[in-house]
Enquirer: 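Quick one: the structure is below, and I'll ask about it shortly.
Both backbone and side-chain heavy atoms feed into the values below; hydrogens, waters and symmetry mates do not. Protein chains get the first letters and strands the later ones, always in sequence-line order, with residue 1 at the start of each.
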Amino acid sequence: MPALKFTNLSKTFPRAKPLFGKARAGVRAVRPMSLTVETGETLGIVGESGCGKSTLARMLVGLLEPSSGQIEIAGKALDTADPAAFGRLIQYVFQDPISSLNPRKTIRQIMETPLKQLHGMDRAERSARIGKIFASVNLRKEFLDRYPHEFSGGQAQRIGIARALAAHPKIMVLDEPVSALDVSIQAQVLNLLADLKSKFDLTYLFISHDLAVVEAVSNRVIVLYFGAVVEIGKAEDIFNSPKHPYTQLLADSAPVVGRPLKAPEQKDSELPDPLNPPKGCAFAGRCIYASDLCRSTEPELRVMGENQLAACHHPI
Amino acid sequence: MGSYILKRLISAVPVLFGITVIVFLIMSMIPGDPATAILGSYATPENVEKLNRDLGLDKPLVQRYFIWLENMLTGDFGRSFSLNRPVLDEILERFSATLVLAGTSFVLCAILGILAGAISAARQYGLADKLITLVVLIGISIPSFFLGMMMILIFAVKLKWLPVSGMYAIYGGGDLPDLINHLIMPASALAAVATGVVARMSRSAMLEVLRQDYIRTARAKGVRERRVLMGHALRAAMVSIIPVLGIQAGFVLSGAVYIEMVFQWPGVGRMLVDAILKRDLLLVQGGVVFVAACYVLFNIAVDVAQSLLDPRIKT
Amino acid sequence: MTFLRLLFRNRLAGLGAVILGIIIILVTITPLLPLPDPNATATANRFLRPFSEGHLLGTDHLGRDILARLLYGTRISLAIGLVSAFFAALFGSAIGIIAGYFGGRIDNVIMRLIDMLMAFPYILLALAIVAALGPGLMNALIAVAAVNVPFFARNIRGITVSLAGREFIDAARLAGLGHTRIILSELLPNVLPVIVIGISTTVGWMILETAGLSFLGLGSQPPNADLGSMLGEARAALITAPHTSIIPGIMIFLIVMSINLLGDGVRDALDPRLKSGALTRPRATTRVDRKGPVPQADQKGLLNIQSLETQFHVGPRIYRAVNEVSLHVSAGECLGIIGESGSGKSVTALSVMGLVASPPGVITGGAVRYDGEDLLDASYERLRQKRGNNVAYIFQDPLATLHPLYKIGDQLVEAIQSHNNTSTKEARTKALELLKSVRIPNAPERLDNYPHEMSGGMRQRVGIAMALANDPEVIIADEPTTALDVTVQAQILTLLDDLRRERGLAIIFITHDFGVVAQLCDRVAVMYAGRIVEEGQTKAVLDAPAHPYTKRLIACVPELGGGRRELAAIPGLPPVVDRLPEGCAFAARCDKAQDACHRGYIPLNGHAPRAVRCLFPEEVV
């Protein structure tokens, strides 16, 4: 049974109706999207700012009501946006570790909330469980009586992960969990996440803009562009032999030691305007392979090669 | 720009409507009936009932509201029983006097306040800053009516530099120098508090802006410090100062009530207080609605000024 | 009690507390004092002057003892002010929190109503309420409280909206908390300080307002008097018996001033931004206070930083952000400075042209020589002439670093005119050329854009154009691509590289990304805890890092194409620069560290351009 399955999931943010004239079409942050995540898998989600990756994540944990579509976790459909119902099954780790901790609560209070609210544990049970989780994220127990501002970014992110673990979820959505951290700390947290995954039998959705990080931690990777999936593939293949020109562009743009600097081949054009989306393929305006077909018809995701799918009329 | 002004004007309509509803509701909470108040010792049950019918007070609340609103829209604010003249005539006459006083004070507080705040911020912890901070502290702590009274004692009674009260001299007055002569004390007393508040806000807005990255950029470009302060910083600070000016205009109008009492200024504030004490409710109702409506329009002007300054506001 | 300590660190707040304390003690014991009945009239003794027998402060127009009336009146005024502030805060905050937390339609309806109430100049509403309820002290209290509700509601709503968007509220929802609990246990503790600040800064104002209503005869009614009605009654005798007015007036002034002083203190103590003294104005240039001798000039490069030391003095603490940093760059050369946050790389860069915010920054040692001239010694005007003209900066976040209210064309023109006496028309032509040279499409139209109308990549191009405005010899780029998407980053890096070659620019490029350094820089310096730990030709440093820190940091960075794997990590945290350890700052995290690493001074050793600050380096340099 897949850990998570969603079908036709989409989110459109309505725009304010102008004083004169009729209501305008909303902004389509996430276009209808279907995907299955297997139990025990780490699914990487990459894309640049505005591609809809955070909107998708917030829908998956119940913080945002989808405009359409179903979410199924462990075979159970979850329709309404109710974080409390989602909380026991799926948890979220935030990008900004300090801002995700209430500045006026001690770490113990923060840790106890999910245990009390989601699992109804009594004091002794809670204390035992917190001790166990803290040990597994390598945090000292005396931290429990301190306040969030006393911690560094890396420590605060461990606390954020510990809080998510406390809810005993099956799936964790990690939304850019290391991009606010320095590289030396980043590796600590990534390794910790890998340990926890096997220890607690977790399934990860790992969102990041950093291709190298995603490649290092994921089994499968999906690439988002302008609110839609443009390519899906195995982590070891997708950046080495991309099918979609956008994936290629991403891979070429990442600065790599030993590779000379050259501007990736592309037109110097602006990104598509979400308020006025282009017809056809959203990437056509920046794509060197674009044809009339691309500018008129939106490409569907098609199987290309082994375990790889791309939405492109002219795959590489 | 034109469409922005139009949009703001249209959005003011419900606010104006709401103002009339609030005023009407408050006034209808009054215990007892105005007829008794008007008739005083002449009140017999028959007289009261007749007067109530004449004033339309026997009709249901909602109907009475719409009659009142309709009349107002046609320029009929009713008739003041205590002054025995149309409410609107009285308001217009009195409001123009208030406008002279409050307008002068507002201009004073805006110019002096922003200037003091900017200097204070530019010379943070310097002598000028400390001096301004002290004066501002006194300004915002002293009741304006007390300040007015002390000014009368010093400048009118002791030094005899300025007239004690009124708007014009009774004999031989009426020209502009005479008006200015009478205006100096009440306008400065009224401006004192607002100037203090504006100066404080301007100082902290400037300090906040001076820490922004774009100020560092301007310095990195080699822009002269005077221009960094009075160009880049002050302009950005104005974005937070202008709304404060809008609010302070309301405070200046409010303070005018006290100052008009102290200086016997024939303005709308004194009219309202007299009307309340005489329970001349039509006059109160009309006066409050009229002044509030003017204030709403003034705030639209403030918003327009803000949108001219800040391109990030959608026009 | 840190709060009280912070509060009384502000001496003016202490003064306010003392004055207010004395007044409160006086009015509390008033009924016990041997005072005459405040309402006992004695018309024979009207208008007695102060210090008359039996009447310390004299008598009023009805011969009543002013001292007694003053003290009883103060009781009433204080009580009314406090009670109305409490109720205004209670209702206003509740409304504001509910509107701000729930947002959407609830917020819309509530805030429309609040806007309507705020559409009245406050006294009109108060007058209308008093007119309806009739004159009287209680009604004045209700009016003043009601009039102030919208102010609290609006203020608290603003705070709540920004808090409700914070991630910890989402986290609480995911932990299973319902709305009521989130409001009470997550939001309220964070809003409470703001409410307290609101109360402490408005109590004085509310006392003034109630006094005002009483002054008009609409508040307390005879024979009882608060301070306002004492003034109101005395007004008729202002000229003949001024003391009857002056005494209550001064009392109001003292109360309100002491409350305002105390309120400012409370605000400063509770506001975390003010707590750290953040609201000080940065000066036009960084303060230079060199303790040691100025290093001798040596003929290295166009821009030569010698043993630079920059510190931040915050209260008693001294943060040593930059220690003994020496760097130089020649025309056409690109020097990279790489390090993690807090390593001192940005502060080094900003120190060059005196752009470190000061206070708290102080340059305490070394020299910065441009073409031989020591800039730390230069006058402000000399330094200003060099800024942008000889050494220009490109900063990280182009949205924050461009002025939001000026068109980008005007910002470019200003940059040009700060150093050249050109007409605006000529400068504008030059600005257009600049935009074209950084390859901005539709350059003529872009001149009239505001920064917020452009994308991040375009804004950064404008930032680069501005740096090029006066054909500088040196450009210092402080993480210019960190805020950008990777595809945009590639474009900007290529642009910078091209410009360097075309114009023979010297570039100092600050970054945390080894990939960027490898692609762009000729030489690189690695910084850790405020010091350079390693430097050399980029290829040499990356291929064979000599300092254990460099080596392990490179290993931490996942590289594209490596597949799924375990990453190398460096345990522990960098030291805080106000408590730097003796010896090597990295020793505590280094697995090769020996006793000697924790002692004494460790110099930067090697053969130029290669050098390393390590006793047991990985490679011989």
Enquirer: Start with the C-alpha distance between B:F146 and C:L231, add both sets of side-chain angles, then the distance that settles side-chain contact (heavy atoms from CB on, under 4.5 Å), and finish with yes or no.
Expert: CA-CA 8 Å; B:F146 178 59; C:L231 255 177; 4.0 Å; yes

Enquirer: Looking at every heavy atom in both B:R211 and C:P282, which two are closest together, and how far apart are they?
Expert: CG-CD, 4.1 Å

Enquirer: Salt bridge check: are B:E225 and C:R384 linked by an N-O gap of less than 4.0 Å?
Expert: no

Enquirer: Just distance, no hydrogens or angles: give the donor-acceptor pairs under 3.5 Å from side chains in residues 136-143 of chain B, sequence neighbours left out.
Expert:
residue : atom : partner : partner atom : Å
B:S141  : OG   : B:L137  : O            : 2.8
B:S141  : OG   : C:N260  : ND2          : 3.2

Enquirer: Measuring heavy-atom distances to chain B, does C:H452 have an atom under 4.5 Å in its side chain, in its backbone, in both, or in neither?
Expert: side chain

Enquirer: If you count heavy atoms of other groups shown closer than 6.0 angstrom to CZ of B:R123, is the number above 12?
Expert: no

Enquirer: Between B:R216, B:M261, B:M206, B:M150, which has the largest tally of heavy atom pairs under 4.5 Å with chain C?
Expert: B:R216

Enquirer: Identify all side-chain donor-acceptor contacts of residues 117-130 of chain C below 3.5 Å with residues at least two apart in sequence or on another chain.
Expert:
none

Enquirer: In terms of heavy-atom pairs under 4.5 Å, which option from B:A292, B:G18, B:A220 contacts chain C the most?
Expert: B:A220

Enquirer: For the interface with chain B, which of C:M257, C:H403, C:M116, C:E209 has the highest count of heavy-atom pairs at distances below 4.5 Å?
Expert: C:H403

Enquirer: What residue in B:V157, B:V273, B:V223 has the most heavy-atom pairs under 4.5 Å with chain C?
Expert: B:V223

Enquirer: First locate atom CG of B:L229, then atom CZ of C:R281, and finally report the distance between them rounded to the nearest 0.5 Å.
Expert: 5.5 Å

Enquirer: Are side-chain N/O atoms of C:E414 and B:H232 paired as donor and acceptor at under 3.5 Å?
Expert: yes

Enquirer: Check this for me: does any side-chain nitrogen of one of B:R200 and C:D264 sit under 4.0 Å from a carboxylate oxygen of the other?
Expert: yes

Enquirer: Is it the side chain or the backbone of C:M466 that comes within 4.5 Å of chain B heavy atoms, both, or neither?
Expert: side chain

Enquirer: Which of the residues C:I476, C:L254, C:L355, C:I255 is involved in the greatest number of heavy-atom pairs with chain B at under 4.5 angstrom?
Expert: C:L355

Enquirer: Distance check, rounded to the nearest 0.5 Å: C:L238 atom CG versus B:M149 atom CE?
Expert: 5.0 Å

Enquirer: At a 4.5 Å cut-off on heavy atoms, which part of B:A121 comes close to chain C: side chain, backbone, both, or neither?
Expert: backbone

Enquirer: Do you know which of C:P135, C:A469, C:G212, C:P451 has the most heavy-atom pairs under 4.5 Å to chain B?
Expert: C:G212

Enquirer: Write down the atom of C:S418, the atom of B:R224, and the distance for their closest heavy-atom approach.
Expert: O-NH1, 3.9 Å

Enquirer: Would a distance-only check, ignoring hydrogens and angles, find a side-chain to backbone donor-acceptor pair under 3.5 Å from B:K221 to C:Y393?
Expert: no

Enquirer: Relative to chain C, which segment of B:V284 carries a heavy atom at a distance below 4.5 Å: side chain, backbone, both, or neither?
Expert: side chain

Enquirer: Can you tell me which of B:A218, B:P14, B:G250, B:A122 forms the most heavy-atom pairs within a distance under 4.5 Å of chain C?
Expert: B:A122

Enquirer: Which bit of C:I250 comes within less than 4.5 Å of chain B, counting heavy atoms only: side chain, backbone, both or neither?
Expert: both

Enquirer: What part of B:L210 gets closer than 4.5 Å to chain C, counting heavy atoms only: side chain, backbone, both or neither?
Expert: both

Enquirer: One pair to check against side-chain contact (heavy atoms from CB on, under 4.5 Å): C:Q396 and B:D213. What are the steps and the verdict?
Expert: CA-CA 10 Å; C:Q396 182 180 46; B:D213 284 351; over 6 Å; no

Enquirer: Against chain C, label B:R227 side chain, backbone, both or neither, depending on which of its atoms sit under 4.5 Å from a heavy atom there.
Expert: side chain

Enquirer: Would you find a donor on one side and an acceptor on the other, under 3.5 Å apart, between the side chain of B:R219 and the backbone of C:R283?
Expert: yes

Enquirer: Take B:F251 and C:W205, measure what side-chain contact (heavy atoms from CB on, under 4.5 Å) needs, and give me the verdict at the end.
Expert: CA-CA 11 Å; B:F251 282 78; C:W205 181 242; 2.9 Å; yes

Enquirer: What residue, out of C:H419, C:E453, C:M353, has the most heavy-atom pairs lying under 4.5 Å from chain B?
Expert: C:H419

Enquirer: Which answer fits C:L216, side chain, backbone, both or neither, if we ask what part of it has an atom under 4.5 Å from a heavy atom of chain B?
Expert: both

Enquirer: Who among B:N299, B:V239, B:V209, B:V262 has the most heavy-atom pairs with chain C under 4.5 Å?
Expert: B:V262

Enquirer: Hey, which of C:A415, C:A357, C:P404, C:A392 has the most heavy atom pairs under 4.5 Å with chain B?
Expert: C:P404

Enquirer: Which one, C:T285, C:I246, C:I252, leads in non-hydrogen pairs under 4.5 Å with chain B?
Expert: C:I246

Enquirer: I'd like to know which of B:A293, B:S254, B:G287 tops the heavy-atom pair count under 4.5 Å against chain C.
Expert: B:S254

Enquirer: Look at the side chain of B:T217 and the backbone N and O of C:T401, then say whether any donor-acceptor pair between them is shorter than 3.5 Å.
Expert: yes

